[in-house]
Amino acid sequence: MGEADIVNLAREALLLMVLASLPPIVAAATAGLVMGVFQATTQIQESTLSVVPRLCAAVLAMALSAPWTAAQLTRFSAQVLLALAEVGR
């Protein structure tokens with residue numbers, strides 16, 4: 001395993017981290033935007049009103065994207081373990 005392989009694994013790990021965290025972040029941001037527009041149109045100035053919808057949206061997005069995320073993490077883990085097996089030879 002050369003230096004290029006290690007850099008490639010690190011790059012893929014960072015990309016996987018970003019892709020795995022994207023669904024809840026986008027869902028929470030969208031819910032926050034919708035609640036912000038709702039608060040602006042109704043002139044409700046309660047800062048805690050948007051917390052629950054953002055939290056629910058993030059949890060729902062995590063639950064919906066969990067199979068894909070688990071599959072990607074399993075694939076990456078298998079790839080890393082195979083690379084480590086190559087180092088031992």
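- Nearest heavy atom pair, residue Ala57 against residue Ala31, reads CB-CB, 3.8 Å.
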Side chains of residues 13-23: which donor-acceptor partners sit under 3.5 Å, not counting sequence neighbours?
residue	atom	partner	partner atom	Å
Ser21	OG	Met17	O	3.1
Ser21	OG	Val18	O	3.1

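- Within 6.0 Å of the CE atom in Met62, the count of heavy atoms belonging to other residues, nucleotides or ligands does not exceed 12.
- Arg54 contributes atom CZ, which lies 11.5 Å from atom CG of Leu33 (distance to the nearest 0.5 angstrom).
- For the pair Ala58 and Pro24, the tightest heavy-atom approach, listed with the atom from each and the gap, is O-CB, 3.8 Å.
- Between Ala70 and Thr74 the shortest heavy-atom distance is O-OG1, 2.7 Å.
- The cluster map of Ile, Leu, Val, Met, Phe, Trp and Tyr, joined by side-chain heavy atoms under 4.5 Å apart, puts Leu82 and Phe76 in different clusters.
- Minimum interatomic distance between Gln39 and Ser50 (heavy atoms only, all atoms of both residues): NE2-N, 4.2 Å.
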